[in-house]
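Quick note: numbers below take in every heavy atom, side chains included, and nothing from hydrogens, waters or symmetry partners. We number each residue from 1, following the sequence as shown. Because the structure is predicted, anything quoted here is derived from the model rather than measured.
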Amino acid sequence: MAGRVRTDEGVLRGALVCVVGAVLLLLAGMAAAECRLADQDPRGLQAVEVERVVGFDRLHLADGRTIRLIGLAPAAPLPEALTPLRDLRLHEGIREALETRLAAAGQRLKLRPADPARDPGGTPRMHAWSEDGALLAADLIAAGAAMPRPGPRPVPLDACLYAAEAEARAAERGLWLERPAAMPARVLDPLDGALRQGRLRVMAEVTAVRATGRHWVLVLEGPLDLLIRGDDRDHWPELDPESLIGEAVVARGQVYPWRDRLRMRIRHPLDLEVED
């Protein structure tokens, strides 16, 4: 499934509207990325056996290590305004889908350390392939079991995750059978405590921009602001954020309360798209 995924042109086209300079080079590298194990440099690959799944993105290995898989995130529950429309709950959770996929792979994986090599808690971060050659995170995302969440530093393999999500959305698989491809930001409720529980893909028009020496805040139609902070702005090195005023954007991330509104931090160039 995701082992055959190629970069979705729509995902990249949307991102390219709002990124220039060095990011164009980054995305060109992403477009050329190969997802399958056979396309990876064998140097640095580790053959391991998984003892058990811990949470939705952590694996305890037979050699005693616990590692964190790159690329997986749960989808946040649908806002109350949308839940009655498609409350089907037909897809597996990430953990269950991961356990099923590992069982099919005989609990054996090939790992490659990510960059950075550890998360803030010190757990090793790894890209993982099953022995049939599929990138494990992309495989689960393409099945509609998860949303993509790449690491803090964009790398070419990130394109595999976003292309897998585009495939799942187009086919309305798993979680995408239950929700719109991009929900309008205006339906979000600042008092909904469930919003912290996962990632959402939302769409709205940019109505204003607040730019300071530390961050950009894109104010959307509705109760949501997008925050691009500090070094994350380097992913858009020549962007004038005010040029986005009046544009419809699609953003992907975790929503959290901020004062009397909601915020979503945007860290990856493919998490912000401008609609054609």
Side-chain angles (χ1 to χ4, degrees), residues 1-8 29-30 32-75 91-168 173-175 198-199 267-268 270:
M1 189 188 314
R4 297 189 297 275
V5 168
R6 291 181 296 180
T7 303
D8 178 77
M30 286 183 174
E34 298 291 346
C35 306
R36 295 189 64 83
L37 178 62
D39 301 309
Q40 310 308 311
D41 186 340
R43 293 173 296 181
L45 289 175
Q46 307 172 22
V48 301
E49 182 176 348
V50 178
E51 183 177 287
R52 65 181 184 276
V53 177
V54 184
F56 68 86
D57 66 348
R58 293 173 187 264
L59 304 178
H60 186 73
L61 306 181
D63 63 15
R65 291 181 295 163
T66 296
I67 62 102
R68 184 174 183 180
L69 293 177
I70 301 301
L72 296 175
H91 67 283
E92 295 179 285
I94 304 178
R95 180 170 183 165
E96 292 80 5
L98 180 54
E99 289 173 337
T100 299
R101 188 67 179 87
L102 286 171
Q107 303 296 117
R108 293 184 297 273
L109 295 174
K110 294 289 182 66
L111 304 180
R112 192 186 79 193
D115 181 21
R118 295 181 180 271
D119 68 14
T123 303
R125 301 170 66 254
M126 296 283 185
H127 300 286
W129 288 264
S130 53
E131 293 203 333
D132 64 5
L135 181 63
L136 183 58
D139 203 33
L140 295 170
I141 292 167
M147 291 185 70
R149 182 178 59 191
R153 300 174 188 167
V155 298
L157 279 175
D158 295 342
C160 303
L161 308 179
Y162 288 87
E165 186 204 66
E167 178 185 319
R173 294 193 194 112
L175 64 92
R199 283 164 68 88
R267 304 187 64 174
H268 195 284
L270 294 181

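Looking at heavy atoms from C-beta onward, R58 lies in side-chain contact with D119 at the 4.5 angstrom threshold. Considering only heavy atoms from C-beta on, L59 comes within 4.5 Å of L98 through its side chain. No side-chain heavy atom of R65 sits less than 4.5 Å from a side-chain heavy atom of P124. Between L61 and V50 the shortest side-chain heavy-atom distance falls below 4.5 Å. Residues Q46 and D63 fail the side-chain proximity criterion, which asks for heavy atoms closer than 4.5 Å. You'll find the side chain of P152 reaches within 4.5 Å of the side chain of R125, heavy atoms only. Side-chain contact between R267 and P150 is absent, with no heavy atoms from C-beta onward closer than 4.5 Å.
The nearest pair of heavy atoms linking P148 to I141 is CA-CD1, 3.7 Å. Across all their heavy atoms, H127 and P113 have their closest contact at CD2-O, 4.3 Å. Nearest heavy atoms, A146 versus L72: CB-CD2, 3.8 Å. Between A138 and A164, the shortest heavy-atom distance links the atoms O-CB, 3.3 Å. When all heavy atoms are compared, the tightest approach of G144 to A168 is N-CB, 4.1 Å. Taking every heavy atom of both residues into account, L135 and C35 meet most closely at CB-O, 3.7 Å.
A distance of 4.5 Å separates CD in E51 from NE2 in H60, rounded to the nearest 0.5 Å. Within the model, atoms CD1 of I94 and CG of L140 stand 8.0 Å from one another, a figure rounded to the nearest 0.5 Å. The line from CZ of R153 to NE2 of H268 is 13.0 Å long, rounded to the nearest 0.5 Å. Put simply, CG on L161 and CG on D139 are 11.5 Å apart, with the number rounded to the nearest 0.5 Å. The distance from atom CZ of R199 to atom CG of L175, rounded to the nearest 0.5 Å, is 12.0 Å. Of the inter-residue distances, the one linking W129 atom CH2 with R36 atom CZ reads 11.5 Å to the nearest 0.5 angstrom.
The one candidate from I70, L157, D41 that meets the side-chain contact (heavy atoms from CB on, under 4.5 Å) condition with R112 is L157.
Residues D57 and R68 are paired through a salt bridge, judged by an N-O separation under 4.0 Å between the basic side chain and the carboxylate.
Under the salt bridge (Lys or Arg N to Asp or Glu O under 4.0 Å) criterion, R52 pairs with no residue, sequence neighbours left out.
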